[in-house]
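Every chain is numbered from 1 and lettered A, B, ... according to where its sequence line falls, protein lines coming before strand lines. The basis for the numbers below is simple: all heavy atoms, side chains too, and nothing from hydrogens, waters or symmetry mates.
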2 protein chains.
Amino acid sequence: MEEGTSKEPSHSECTEDAFQWDTREDCDVRQILDRIGDKWSLLVIALLDNRVLRFTELKKTIDGISQRMLTVTLRQLERDGLVRRTVHPVVPPRVDYELTPLGVTLHDTIQALVSWTEKHQNEIATARATYDSRDAVVR
Amino acid sequence: MEEGTSKEPSHSECTEDAFQWDTREDCDVRQILDRIGDKWSLLVIALLDNRVLRFTELKKTIDGISQRMLTVTLRQLERDGLVRRTVHPVVPPRVDYELTPLGVTLHDTIQALVSWTEKHQNEIATARATYDSRDAVVR
DNA sequence: CTGTATCCGTGCAGATACTG
DNA sequence: CAGTATCTGCACGGATACAG
């Protein structure tokens, strides 16, 4: 394993002395960002609503994720205590994934983000179109 | 400009026919993910609470962002209609950034995410420690 | 079925230098 | 001050092959 094992992406240490509003808060935000912003974690959490899903079910449903990335993502989420991984000692192997109580609380927050996106995607699309056309005129 | 101009990261097209729960929704989620998950956008939006900030002020406050990334991030947010950019024709130049009404609504949602992080960071840290120690034993 | 191991290409971010 | 332009590296993700 390569990046999955790395403890932190080696951000600058959280200095305690800055007065900026952020520095301490920054560390928190970066941590969550590096978790949910890694392109797949949010999807997985959103998908694991209150269900129990198997590895293959997740892979089929997410559509576009590679086996490797799903494994890495699930390991990270498991390490963070957001997802519980249950291995059934049967053959063929069966592994179930579900949200932990902590994961559920994050799911709620994430759901708000997803809802926001659905609600405002048209406005964003419009804004982009406007920006791009104006940009074209300037050029 | 390189990646700033790219319309979309060329995800697989949003097929309408899939029954997966996601595929349509996926597109929305991916879009917002690619926006807020790019490590800096969320920070900028959180920082721009209800203030007007200059380029340098943002750069100083965010602490760790490069000039280039701040520029790229701000352009993306402007394009998405989340941030308004105001250039004052003075010398030396002065450029103000502030959230648009749309940006404010996203800010609220993001704030919930930041709050979640602050509230649960200890639990995550504990979970990680547990996971790592157990991992060490197994090995 | 559920992974791990390895190789490999690319895209994103940092550093630096330059400009209006 | 507020950017652009360019080079560069390496971390990340995909593909593939293999294993328990």
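A straight line from CE of A/Met69 to C1' of D/dA11 spans 11 Å, rounded to a whole angstrom. Rounded to a whole Å, the CG atom of A/Leu43 is 13 Å from the P atom of D/dG13. As rounded to whole Å, 14 Å separates atom C1' of D/dA2 from atom CD of B/Glu78. In this structure, B/Leu70 places its CG atom 14 Å from P of C/dA15, rounding to the nearest Å. We find that NZ of B/Lys60 is positioned 12 Å from C1' of D/dC1, with the value rounded to whole Å. Rounded to whole angstrom, the span from the CD atom of B/Gln76 across to the C1' atom of C/dA13 amounts to 12 Å. When the C1' atom of C/dA13 is taken as reference, atom CH2 of B/Trp40 falls 9 Å away, rounded to whole Å. Counting to the nearest Å, the P atom of D/dT4 and the CZ atom of B/Arg68 are 11 Å from each other.
B/Glu78 places a side-chain heavy atom less than 4.5 Å from the side chain of A/Tyr131. Between B/Leu99 and B/Arg51 there is no side-chain heavy-atom pair separated by less than 4.5 Å. Between A/Tyr97 and A/Leu58, the closest side-chain pair of non-hydrogen atoms falls below 4.5 Å. The shortest distance between side-chain heavy atoms of A/Leu77 and A/Ile45 falls below 4.5 Å. With contacts defined as side-chain heavy-atom distances shorter than 4.5 Å, the pair A/Trp40/A/Ile62 qualifies.
Inter-axis angle, ends of the helix from C/dC1-D/dG20 to C/dG20-D/dC1, five pairs per end, rounded to 10 degrees: 50°.
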Atom pairs, N/O to N/O, protein against nucleotides 1-3 of chain C, distance under 3.5 Å?
| unit_1 | atom_1 | unit_2 | atom_2 | d |
| --- | --- | --- | --- | --- |
| C/dC1 | O3' | A/Arg54 | NH2 | 2.9 |
| C/dC1 | O3' | A/Pro93 | O | 3.3 |
| C/dT2 | OP1 | A/Arg54 | NE | 3.0 |
| C/dT2 | OP1 | A/Arg54 | NH2 | 3.0 |
| C/dT2 | OP2 | A/Thr56 | N | 3.0 |
| C/dT2 | OP2 | A/Thr56 | OG1 | 2.0 |
| C/dG3 | OP1 | A/Arg75 | NH2 | 3.0 |
| C/dG3 | OP1 | A/Arg85 | NE | 3.2 |
| C/dG3 | OP1 | A/Arg85 | NH2 | 2.4 |
| C/dG3 | OP2 | A/Tyr97 | OH | 2.5 |
| C/dG3 | N7 | A/Gln67 | OE1 | 3.4 |
| C/dG3 | N7 | A/Gln67 | NE2 | 2.7 |

Chi angles and distances behind the side chain to side chain contact (heavy atoms under 4.5 Å, CB included) call for A/Val95, A/His88: CA-CA 6 Å; A/Val95 182; A/His88 300 279; over 6 Å; no
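Shown here are the side chain to side chain donor-acceptor pair (under 3.5 Å) partners of A/Thr56, two or more places apart in sequence or in another chain: there are none.
Between A/Lys60 and A/Glu57 there is no salt bridge, since none of the side-chain N atoms of the basic residue sits less than 4.0 Å from a carboxylate O of the acidic one.
B/Val44 is connected to B/Val87 through a chain of hydrophobic side-chain contacts under 4.5 Å among Ile, Leu, Val, Met, Phe, Trp and Tyr, so both are in one cluster.
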